[in-house]
Protein chains: 2
Amino acid sequence: MKSVIPLMTTEVKTACSQCNLRELCLPFGLDPRDVDQLDELVGSRRKIKRQQHLYRSGEVFEAIYAIRAGSFKTDVILEDGRDQVTGFQMTGEVLGLDGISTEHHSCNAIALEDSEVCVIPFSRLEELSRQVESLQHQFHKIMSREIVRDHGVMMLLGSMRAEERLAAFLLNMSQRFTARGFSPSEFHLRMTRDEIGSYLGLKLETVSRAFSRFQEEGLVAVQQKHIRILDTPGLKRLLNHHVA
Amino acid sequence: MKSVIPLMTTEVKTACSQCNLRELCLPFGLDPRDVDQLDELVGSRRKIKRQQHLYRSGEVFEAIYAIRAGSFKTDVILEDGRDQVTGFQMTGEVLGLDGISTEHHSCNAIALEDSEVCVIPFSRLEELSRQVESLQHQFHKIMSREIVRDHGVMMLLGSMRAEERLAAFLLNMSQRFTARGFSPSEFHLRMTRDEIGSYLGLKLETVSRAFSRFQEEGLVAVQQKHIRILDTPGLKRLLNHHVA
DNA sequence: GAACGGTATTGATGTGGATCAAAGGGCTCC
DNA sequence: GGAGCCCTTTGATCCACATCAATACCGTTC
């Protein structure tokens, strides 16, 4: 065991090897020796207050971000003002991959609560992943996972009815909270009904009604943003047993 | 300059450096010297007949595919039989990126016409992109572009009405045909109304009616799968001037 | 060149979710 | 700790698209 006496800096050293999120984040699956090499990867940390932008659509892309604490939403805005939430991100997840393609961000990333991210300069990531095979592979997996997730959302938006969409959303949130060591059945949503609606292609009233309906049917207990899932199999049944 | 006298083989050497699609494909933006290195990248070519699968959801992932000729659709199928087309791909575009994340494909890729692909063993791509920086970067851009495209589809599915979706689809097709040296205004769709509908989150009847309406309004001339765009600005206006 | 099956068009009707509206509740910020 | 405002819920009505249905068309195959 190494010394735990901290040096006299308020700025804690940014080190993947010391991060308790590494099993969810970029270093996942890396040999401990490789993780040590990652410690030069993170440029700095950055705190983002609730409702503030981590980056905006159109800005020059220079880094991707790993969420250390808090949560975010990403959205796309059309000229005519319509907007669409494209995702919600929690700790350990990576933000900014959209910017690689054109070297400009193509969406906005906004903190849902006071948050902190690790800034990973992209050129450094590319450089390091040319040297560390396992990092390269893990990074590719993360990008691919985002593509697969997006396909799931397309399925949801293109083929599911309102209550199915919300059930899928709740099950997904539950699963992600579980992966982070939280309760699978009880959690606090950081986003509004409007934001959930935007993500699910529904109006906020429809989201609210679906929640009320789930409550009536004993599937969940809803108290504003606090959710208790009472019948996970019931929610899953809602998804799979689709009656045409 | 190397000898250009071909050996006596019917099997043409698979060579990115000789391919007229390289400006659309993986080698895009690479220094000619680097492109030469890519010639060992493509394992083989594979012909796929119309309606046949290039790969299926659940299959082990080993390679990505660059389309040399023809076109494909990708779709996701739920247990209850519902399916969603997640994309249409044309020459020079890359298929199979979904498989990296779990080492299994997560969607089906089906040829819309008799087609041919270059098989790119993924381990070889990763190896080579550790050596060739420009290849690495181009590959990352391609993955990122897919993510950005998916966000566009989410916007379409989540926030647009039927005619806007179809207009967006037609403009997108036009733009991609243009990039391949074909007419921007006249082209042949390879997919059915049902497949377009699935992609756009609409029923085939709705797609058909939207086509008829565009025709009435003089925006396009439609004859089954043959499309002539008569008023591109008109289609664009349909997209941007959304009246809430 | 006739027959067939998959594809497309068009019409009539139904419905899920949007829209409009109003009231209640809780969080945030001073 | 209180005021204000945003967020949420619920009800009434509307409408875009789905569904059901029938016919027409086209490319393919023998």
Side-chain angles (χ1 to χ4, degrees), chain A residues 49-52 73 81-85 110-114 156-169 188-217 220-227 238 242-244, chain B residues 49-51 73 81-85 110 112-114 156-167 169-170 188-217 220-227 238 242-244:
Chain A
K49 285 227 158 290
R50 188 175 123 86
Q51 301 282 36
Q52 295 205 319
K73 69 169 177 181
R82 280 182 288 184
D83 70 324
Q84 172 79 23
V85 171
I110 298 141
L112 294 174
E113 58 194 308
D114 293 358
L156 183 145
L157 291 171
S159 312
M160 292 186 184
R161 35 195 49 269
E163 293 189 5
E164 293 176 306
R165 294 184 201 189
L166 188 63
F169 170 74
H188 191 84
L189 296 176
R190 282 8 265 225
M191 67 293 287
T192 67
R193 300 286 189 264
D194 194 36
E195 287 164 336
I196 297 172
S198 174
Y199 181 60
L200 299 179
L202 302 169
K203 291 291 146 182
L204 69 94
E205 295 95 327
T206 305
V207 174
S208 178
R209 279 185 241 271
F211 267 126
S212 302
R213 199 134 209 283
F214 285 177
Q215 176 136 278
E216 281 168 29
E217 289 170 357
V220 297
V222 185
Q223 218 166 11
Q224 307 289 129
K225 288 179 165 146
H226 190 84
I227 306 291
L238 216 73
H242 178 73
V243 275
Chain B
K49 285 225 159 291
R50 188 174 122 87
Q51 300 283 36
K73 67 169 177 181
R82 280 181 288 183
D83 71 323
Q84 172 78 22
V85 171
I110 298 141
L112 293 174
E113 59 194 306
D114 294 357
L156 183 146
L157 292 171
S159 313
M160 291 187 184
R161 33 195 52 265
E163 292 189 6
E164 292 176 306
R165 295 185 200 188
L166 188 63
F169 171 75
L170 289 175
H188 190 85
L189 297 175
R190 283 6 264 226
M191 67 294 286
T192 66
R193 299 287 189 263
D194 194 36
E195 288 164 335
I196 297 172
S198 173
Y199 181 61
L200 299 179
L202 302 169
K203 292 290 145 181
L204 69 94
E205 295 96 326
T206 306
V207 174
S208 180
R209 278 185 241 271
F211 268 125
S212 301
R213 198 133 209 284
F214 285 177
Q215 177 135 278
E216 281 168 29
E217 289 169 358
V220 298
V222 185
Q223 221 165 11
Q224 308 288 129
K225 289 180 163 143
H226 190 85
I227 306 291
L238 217 73
H242 177 74
V243 275

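Because the structure is a prediction, the values reported are computed rather than measured. Here is how names work: the chains are called A, B, and so on, in the same order as the sequence lines, proteins then strands, and each is numbered from 1.
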What pairs of nitrogen or oxygen atoms, one from the protein and one from nucleotides 12-14 of chain C, lie under 3.5 Å apart?
residue, atom, partner, partner atom, Å
C/dA12, N6, B/Arg209, NH2, 3.3

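- As rounded to whole Å, 14 Å separates atom P of C/dA8 from atom CD of B/Gln215.
- A/Leu112 has its CG atom 12 Å from the P atom of D/dC7, to the nearest Å.
- For A/Lys73, the side chain to side chain contact (heavy atoms under 4.5 Å, CB included) criterion is met by A/Asp75, A/Val85, A/Phe88, A/Ile110, A/Leu112, A/Glu195, not counting sequence neighbours.
- Legend: residues meeting side chain to side chain contact (heavy atoms under 4.5 Å, CB included) with A/Arg213, ordered by chain and number and at least two apart, are A/Glu163, A/Glu217.
- Under the side chain to side chain contact (heavy atoms under 4.5 Å, CB included) criterion, A/Ser208 pairs with no residue at all, not counting sequence neighbours.
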Let me have a per-nucleotide readout for nucleotides 25-30 of chain C, 5' to 3', with B, S or -, counting only protein heavy atoms under 4.0 Å. -S----
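- With hydrogens and angles ignored, the 3.5 Å screen pairs no side-chain donor or acceptor of B/Arg190 with any backbone N or O of B/Glu113.
- Here the shortest heavy-atom pairing between A/Ser159 and B/Gln84 reads OG-OE1, 2.8 Å.
- Every residue was checked against the side chain to side chain donor-acceptor pair (under 3.5 Å) condition with A/His188, not counting sequence neighbours, and none meets it.
- Per the geometry, NE2 belonging to B/His226 stands 15 Å off P belonging to C/dA8, to the nearest Å.
- Rounded to whole angstrom, the span from the CZ atom of A/Arg161 across to the P atom of C/dT15 amounts to 11 Å.
- A search for salt bridge (charged side-chain N to carboxylate O under 4.0 Å, His left out) contacts involving A/Arg209 returns nothing, not counting sequence neighbours.
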N/O donor-acceptor pairs under 3.5 Å from side chains in residues 199-207 of chain B, not counting sequence neighbours:
residue, atom, partner, partner atom, Å
B/Tyr199, OH, B/Arg149, NH1, 3.2

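- Taking 4.5 Å as the limit, some side-chain heavy atom of A/Thr192 sits within range of a side-chain heavy atom of A/Lys225.
- Separating the CZ atom in A/Arg165 from the CG atom in A/Leu238 is a distance of 13.0 Å, to the nearest 0.5 Å.
- Side chains of B/Leu156 and B/Glu164 form no contact here, defined as non-hydrogen atoms less than 4.5 Å apart.
- Applying a 4.0 Å cut-off to non-hydrogen atoms, the residues of residues 191-204 of chain B that approach DNA chain C are B/Thr192, B/Arg193, B/Leu204, listed by residue number.
- Under the rule for a salt bridge (charged side-chain N to carboxylate O under 4.0 Å, His left out), A/Arg193 has no partner lying at least two apart in sequence or in another chain.
- Rounded to whole Å, atom P of D/dT13 lies 16 Å from atom CD of A/Glu205.
- The side chain to side chain contact (heavy atoms under 4.5 Å, CB included) test applied to A/Gln52 returns A/Ile48, A/Lys49, not counting sequence neighbours.
- In the interface, the side chain of B/Glu163 is not paired with the base of D/dC17 through any donor and acceptor atom under 3.5 Å apart.
- One can place CZ of B/Arg190 at 14 Å from P of C/dT7, the figure rounded to the nearest angstrom.
- Computed from coordinates, the B/Phe211 CZ to C/dT9 P distance equals 8 Å when rounded to whole Å.
- A sub-4.0 Å separation between OP1 or OP2 of C/dG17 and a side-chain N or O of A/Thr206 is absent.
- Between A/Ser212 and D/dT9 there is no side-chain polar atom (N or O) within less than 4.0 angstrom of OP1 or OP2.
- The bend of the helix from C/dG1-D/dC30 to C/dC30-D/dG1, defined by the angle between the axes of its first five and last five pairs, stands at 70° to the nearest 10°.
- Looking at B/Leu166 and B/Phe211, their side chains come closer than 4.5 Å, going by heavy atoms from C-beta outward.
- Rounded to an integer number of Å, the gap from CD of B/Glu113 to P of D/dG27 is 16 Å.
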